[in-house]
Amino acid sequence: MDAYVDPKTLESGAVLLLLKSRFIKDRGSETLFPLLGCLRDSVVHVPMQAILSEADQRRMAAMKLGDTWRNRDPVRMRPDVLKMADGTVWFPIFSQIEQAPADYRRRFSVVSVEAMQALRMAHAAGGLSGLVLDPFTDPVSLPFQTADIMVEMPSSLSPDGAADEA
């Protein structure tokens, strides 16, 4: 019988942090694959900026004290990217919201998404080198060649969302 992980076990990001710490201390396949497997089934936090249409921006700028504003056009969300000194550009993801510095978080809306969705977003952005997990606190860079391994990995989450009883 396969053992499944209860999604609640991964919810806080503590397991992901532990596996990231083990990988940082001993970089090798025996620590990379557990990290990727956990990340594959985790929810990560992605900093994004809300992008309003020009018409909605004009309406917002014309507001007076006490006015109520509601967007008329769709609001697009654009994820942040981090450019390194060497010219590479990375898609930041956070294991826990607290792993992003408060001053950085204040500049964005932080959206919780499944890590696999974050990987698809990073690919769709184009011109990126890959994902970077917790870029401001013990960062782990995952070039697409490495991050894409998650696509081939089976999920450890139970298909019905609950872990099997042992």
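Sequence positions, counted from 1, serve as the residue numbers for this chain.
Residues Arg107 and Gln49 come closest through the heavy atom pair O-NE2, 4.2 Å.
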Exercise. For salt bridge (charged side-chain N to carboxylate O under 4.0 Å, His left out), just list the numbers for Asp134 and Lys20, CA-CA rounded to whole Å, side-chain angles, deciding distance to a tenth of an Å, and then say yes or no.
Key: CA-CA 10 Å; Asp134 299 331; Lys20 180 185 83 162; 2.9 Å; yes
Practice problem: Check the pair Gln99, Gln96 against side chain to side chain donor-acceptor pair (under 3.5 Å), reporting the backbone distance first and the verdict last. | Solution: CA-CA 5 Å; Gln99 297 300 312; Gln96 300 172 324; 3.3 Å; yes
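Of the inter-residue distances, the one linking Leu128 atom CG with Phe144 atom CZ reads 5.0 Å to the nearest 0.5 angstrom. In this structure, Thr31 OG1 and Leu36 CG are separated by 9.5 Å, a value rounded to the nearest 0.5 Å. Separating the OG atom in Ser42 from the CG atom in Leu17 is a distance of 10.0 Å, to the nearest 0.5 Å. The NZ atom of Lys83 sits 11.0 Å away from atom OG of Ser129, with the distance rounded to the nearest 0.5 Å.
In this structure, the side chains of Phe23 and Leu133 stay at 4.5 Å or more apart for every pair of heavy atoms. You'll find the side chain of Val44 stays beyond 4.5 Å of the side chain of Leu131, heavy atoms only. Counting heavy atoms from C-beta on, the side chains of Leu157 and Asp6 never come closer than 4.5 Å.
Remark: the backbone N or O of Met153 is paired with a side-chain donor or acceptor of Arg40 at under 3.5 angstrom. Not one N or O on the side chain of Asp41 forms a donor-acceptor pair closer than 3.5 Å with the backbone of Ser155. Of the possible donor and acceptor atoms, one in the side chain of Arg105 sits under 3.5 Å from a partner among the backbone N and O of Ile97.
Partners of Phe33 under the ring pair (Phe, Tyr, Trp, His ring centres under 6.0 Å) rule, at least two apart in sequence or in another chain, do not exist in this structure.
Transitive grouping of hydrophobic side chains (ILVMFWY, heavy atoms separated by less than 4.5 Å) brings Val46 and Leu142 into a common cluster. Follow the hydrophobic side-chain contacts under 4.5 Å out from Val89 and you reach Met48 in the same cluster.
Between Tyr104 and Phe94, the ring planes are tilted. Angles from 30° to 60° get that label.
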